[in-house]
Amino acid sequence: MARILITSAIPYINGIKHLGNLVGSQLPADLHARYHRARGNEVLFLCSTDEHGTPAELAAAKAGKPVADYCAEMHAVQADLAKGFCLSFDHFGRSSSPQNRRLTQYFAGRLADQGLIREVSERQVYSHADGRFLPDRYIEGTCPNCGYDRARGDQCENCTKQLDPTDLIDPRSAISGSTNLEVRETKHLYLRQSVLRPDLEAWIDTKTDWPILTTSIAKKWLNDGDGLQDRGITRDLDWGVPVKKGTEDWPGMEGKVFYVWFDAPIEYIASAAEWAEASNLTDSEWERWWRTDKGAEDVRYVQFMGKDNVPFHTLSFPATIMGSGDPWKLVDYIKSFNYLNYDGGQFSTSQGRGVFMDQALSILPADYWRWWLLSHVPESSDTEFTWENFQTNVNKDLADVLGNFVSRVTKFCRSKFGEAVPAGGADTPEAAALVADLTARVQQYQAHMDAIDIRKAAAELRAIWVVGNEYLQNAAPWTLYKTDPDAAAAVTRLALNLIGLYAALSQPFIPNASETLRQAMGLASLDWPEDVAAALTALSAGAPFTVPDVLFRKITDEEREGWQEQFAGQRG
RNA sequence: GGGCCUGUAGCUCAACGGUUAGAGCAGAGCGCUCAUAACGCUUUGGUUGGGGGUUCAAAUCCCUCCGGGCCUACCA
């Protein structure tokens with residue numbers, strides 16, 4: 001039995017995520033977790049909310065709440081939505097947990113011990129009115145290059161020129177608008193990634209099977225300009241993990257916190273510790289997933305994320321782990337994704353453009369979204385969501401091909417033989433051919449799922465559904481019944497068993513529908529069809545079943561048009 | 001500016017130097033009547049963004065031009 005550790009990029013706390021966020025990390029990670037559990041492997045699937053940083057502080061201030069309260073509330077909201085989408089996390093943690101605070105401080109101490117931390121004195125913009133240092137992009141002013149009056153301190157959005165905040169003419173705080181700004185000297189810790197560059201490069205070079213998107217981004221950062229740069233890992237903020245060297249104070253770092261991108265990946269580890277605590281397990285139970293000296297040497301660790309997260313997962317976090325000198329588990333495979341666009345543009349949280357997780361669930365069940373998003377997941381390039389596409393694909397695949405198959409089989413049986421699996425009839429060459437075809441297709445499906453080729457896996461699963469309709473059409477039990485009821489019974493028995501097979505195979509994609517089918521067919525559990533022939537005799541003559549309600553109702557043109565209107569912009 | 005990715009049928013995508021570039025959807029025709037007007041079969045549709053080159057052989061490798069996207073290190 002293989003052991004698979006799976007983490008999804010952790011969603012930021014400042015609001016409800018849109019479908020583009022979902023499809024780029026949590027949803028494919030869930031598919032992988034469900035698949036491996038179904039295959040009988042031991043899985044630990046972890047996710048959390050990423051709670052620190054300036055945007056969280058500002059979102060809390062806007063909501064008029066203490067940042068800790070705001071994060072607690074938003075964590076509950078996101079956890080609830082994750083449940084709504086059937087995301088099967090073993091634990092959904094929080095980067096603000098005591099476990100993460102301890103681990104983050106511990107890692108910083110280890111890195112300092114190894115000589116991989118240096119102190120840098122730098123000049124930062126301080127806003128008196130806001131009472132805080134401002135990150136570059138929270139300073140606005142007039143662009144010295146093009147004159148655009150809302151240029152940000154890191155870059156002018158109008159002429160795309162890279163800027164330094166001190167370049168701006170008439171700089172002001174983007175938060176309060178105050179011009180009472182001051183450049184102050186402040187001291188920060190830098191992780192000496194440049195020292196680790198050869199180790200990181202050698203490690204990346206061994207990952208020849210990773211998606212090209214992942215390795216090309218990593219190599220770009222390794223080789224760009226003067227090579228991998230040291231990175232500041234502390235900030236002048238109130239909300240975050242206080243800077244400490246292990247359990248000891250860090251002289252000169254009082255009042256500072258670690259940068260979110262330092263503590264957020266460590267939360268992957270802390271989340272396992274939180275999981276153990278929440279499950280009343282000992283530390284050794286989570287350490288056997290994360291420490292190669294404590295049982296994790298046979299773990300395969302797979303991460304899922306959008307392309308914007310790749311540098312931190314291929315370089316910064318591995319640098320943290322390698323630099324610690326401890327035997328922590330390094331990632332084995334990084335599956336990264338492009339972006340999902342919305343109807344000719346980008347999903348936009350700030351403009352309320354596109355569909356957000358709560359809205360999606362309010363208009364259709366999770367399986368509709370799961371199926372469309374996973375079967376169109378942006379693996380090779382950015383993908384476009386359109387309502388027309390969504391409607392036709394979902395109606396065809398789920399309602400017509402799968403749902404209607406279940407409907408025609410169960411209703412035919414009920415009308416001719418009653419609501420129990422019929423007896424009689426013998427195996428036919430056509431049935432044997434069906435078994436052979438499905439055996440090959442299931443193997444293909446598994447190969448795609450093992451390789452995390454999600455679109456191909458979805459296409460093969462759909463083809464497996466189609467095979468049922470083909471078989472039924474050719475065997476035509478409704479005709480056969482008139483002359484040879486026993487033969488019709490044999491066909492129907494096999495077709496009913498196909499429903500059970502489909503329920504098991506489809507479960508990673510559409511868990512709710514699979515559960516509905518399992519119950520309807522009276523199956524005790526959804527067992528993976530390691531032997532297709534055997535799986536197709538799971539329901540024997542006399543086994544009762546019920547005709548399920550319409551599995552997937554179709555999306556009407558009126559609905560589609562309404563949603564097109566509703567989600568065009570300005571979330572309300 | 002630099003780097004990376006991408007451009008294949010009306011749409012969404014396969015094909016990773018080797019038969020005649022393939023699927024699904026959409027379109028057309030036929031069949032079936034068990035079913036959510038569902039299903040099955042057949043079929044139309046491509047100068048693989050343009051041009052040049054390498055090769056016995058190019059969607060695939062090289063050059064160049066055009067279009068789209070992403071990243072560029074203090075948002076996360």
Side-chain angles (χ1 to χ4, degrees), chain A residues 9-14 50-56 58 122 124-125 133-139 152-155 160-162 164-165 188 193 212-213 215-217 219-221 223-225 228-232 235-236 259-261 264 306-312 315-316 338-339 341 346 375-376 378-386 388-389 392-393 395-416 453 455-456 458-459 462-463 466 468-481 488 491-492 495 547 549-554:
Chain A
I10 63 179
Y12 199 63
I13 195 69
N14 69 340
D50 179 12
E51 305 192 358
H52 296 135
T54 308
L58 297 180
E122 54 192 18
Q124 291 279 314
V125 175
F133 282 92
L134 296 177
D136 290 358
R137 70 169 49 199
Y138 285 101
I139 303 160
R152 292 192 321 209
D154 56 339
Q155 186 176 37
T160 73
K161 187 179 168 61
Q162 307 262 322
D164 189 271
H188 282 294
Q193 297 185 136
I212 190 162
L213 183 65
T215 48
S216 66
I217 292 173
K219 285 177 179 169
K220 156 76 170 161
W221 280 59
N223 299 316
D224 194 38
L228 187 62
Q229 301 296 298
D230 294 346
R231 186 157 191 130
R235 291 291 183 272
D236 288 296
Y259 176 42
V260 276
W261 265 116
K307 56 186 168 187
D308 51 331
N309 278 328
V310 168
F312 304 100
L315 303 169
S316 308
N338 288 284
Y339 291 145
N341 290 321
Q346 296 197 337
S375 61
H376 292 80
E379 282 176 315
S380 58
S381 63
D382 291 355
T383 297
E384 174 120 335
F385 173 92
T386 66
E388 287 87 353
N389 222 308
T392 52
N393 292 150
N395 283 355
K396 193 71 189 172
D397 298 349
L398 297 181
D400 295 346
V401 176
L402 177 61
N404 182 56
F405 175 77
V406 172
S407 190
R408 66 195 298 207
V409 169
T410 52
K411 287 181 179 172
F412 175 77
C413 186
R414 181 174 63 184
S415 72
K416 303 300 185 208
D453 270 336
R455 277 172 179 258
K456 288 180 182 173
R462 185 189 188 282
V466 167
N469 283 309
E470 288 172 355
Y471 170 73
L472 210 58
Q473 195 68 32
N474 291 331
W478 46 88
T479 306
L480 213 46
Y481 183 78
V491 170
T492 306
V547 175
D549 291 335
V550 167
L551 199 58
F552 294 99
R553 69 167 188 81
K554 292 200 189 188

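The chains referred to below are lettered A, B, ... by the order of the sequence lines, with proteins before strands, and numbering in each begins at 1.
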Any side-chain N or O of [X] below 4.0 angstrom from OP1/OP2 of [N]?
| X | N | value |
| --- | --- | --- |
| A:Ser380 | B:rU6 | no |
| A:Arg408 | B:rC39 | no |
| A:Arg462 | B:rC25 | yes |
| A:Tyr339 | B:rG68 | no |
| A:Lys307 | B:rC4 | no |
| A:Tyr259 | B:rC75 | no |
| A:Arg152 | B:rC75 | no |

Report yes or no: is there a donor-acceptor pair, N or O only, under 3.5 Å between the side chain of [X] and the base of [N]?
| X | N | result |
| --- | --- | --- |
| A:Trp221 | B:rA73 | no |
| A:Glu388 | B:rC25 | no |
| A:Gln124 | B:rC74 | yes |

### B:rC34 pyrimidine/purine six-ring stacking with A:Trp478, under 5.5 Å and 30°
yes
### Query
Which part of the nucleic acid, if any, lies within contact of A:Glu51, taking any heavy atom under 4.0 Å across all strands shown: a base, the sugar-phosphate backbone alone, or nothing?
nothing
### Message
Taking the nucleotide of RNA chain B with the nearest heavy atom to each, does A:Cys413 or A:Asp308 sit closer to the 5' end?
### Response
A:Cys413
#### Entry: Earlier contact from the 5' end, RNA chain B, for A:Ile212 and A:Ala476
A:Ile212
### Task
Quick one: pull up CG in A:Asn389 and CD in A:Glu384 and give me the separation to the nearest 0.5 Å.
8.5 Å
### Query
At what distance, to the nearest 0.5 angstrom, does CZ of A:Arg455 lie from OG of A:Ser380?
6.0 Å
Complementary nucleotide for [N] - Watson-Crick or wobble, under 3.5 Å:
| N | value |
| --- | --- |
| B:rU47 | none |
| B:rU60 | none |
| B:rG7 | B:rC66 |
| B:rA21 | none |
| B:rC41 | B:rG29 |
| B:rA14 | none |

Considering only the [atom1] atoms, how many Å lie between [N] and [M], rounded to the nearest integer?
| N | M | atom1 | answer |
| --- | --- | --- | --- |
| B:rG10 | B:rG53 | P | 28 Å |
| B:rC56 | B:rA14 | C1' | 27 Å |
| B:rU72 | B:rC63 | P | 26 Å |
| B:rC71 | B:rA57 | C1' | 37 Å |
| B:rG67 | B:rC25 | P | 35 Å |
| B:rC75 | B:rG69 | P | 22 Å |
| B:rG45 | B:rU8 | C1' | 13 Å |
| B:rC41 | B:rC5 | C1' | 41 Å |

For [X] and [N], give me the distance from atom [atom1] to atom [atom2], rounded to whole Å.
| X | N | atom1 | atom2 | answer |
| --- | --- | --- | --- | --- |
| A:Lys554 | B:rC39 | NZ | C1' | 11 Å |
| A:Gln473 | B:rG40 | CD | C1' | 4 Å |
| A:Phe312 | B:rC75 | CZ | C1' | 9 Å |
| A:Glu470 | B:rC34 | CD | C1' | 17 Å |
| A:Lys396 | B:rG27 | NZ | P | 9 Å |
| A:Ile217 | B:rA73 | CD1 | P | 14 Å |
| A:Asn395 | B:rC25 | CG | C1' | 12 Å |
| A:Leu402 | B:rU36 | CG | P | 15 Å |

### Task
Spell out, as yes or no, whether a donor-acceptor pair under 3.5 Å connects the side chain of A:Asp230 to the backbone of A:Gln193.
yes
### Message
Using a 3.5 Å distance criterion without hydrogens, assess whether the side chain of A:Tyr339 forms a donor-acceptor pair with backbone atoms of A:Gly306.
### Response
no
Would you indicate which nucleotide in [options] comes nearest to any side-chain atom of [X]?
| X | options | value |
| --- | --- | --- |
| A:Phe412 | B:rC34, B:rC75, B:rG69 | B:rC34 |
| A:Val260 | B:rA76, B:rC74, B:rC75 | B:rA76 |
| A:Asn389 | B:rA73, B:rC39, B:rC11 | B:rC11 |
| A:Val466 | B:rA73, B:rG40, B:rU36 | B:rG40 |
| A:Thr479 | B:rU33, B:rC75, B:rC70 | B:rU33 |
| A:Arg455 | B:rA35, B:rC75, B:rC13 | B:rC13 |
| A:Tyr12 | B:rA76, B:rU36, B:rA38 | B:rA76 |
| A:Lys411 | B:rU36, B:rC4, B:rC70 | B:rU36 |
| A:Asp400 | B:rC39, B:rC34, B:rA76 | B:rC39 |
| A:His376 | B:rU12, B:rA73, B:rA76 | B:rU12 |

### Sole candidate of A:Leu228, A:Ile217, A:Val310 that passes side chain to side chain contact (heavy atoms under 4.5 Å, CB included) when paired with A:Leu315
A:Leu228
### Query
Taking C-beta and beyond as the side chain, do A:Phe412 and A:Leu472 meet within less than 4.5 Å on heavy atoms?
no
### Task
May I ask you to check whether A:Thr54 and A:Arg137 show a side-chain donor-acceptor distance below 3.5 Å?
no
### Task
Using the six-membered ring wherever Trp is involved, compare the ring planes of A:Phe312 and A:Trp261 and label them parallel, tilted or perpendicular (cut-offs 30° and 60°).
parallel
### Query
A:Asn469 and A:Val401: which non-hydrogen atoms are nearest, and at how many Å?
ND2-O, 3.1 Å
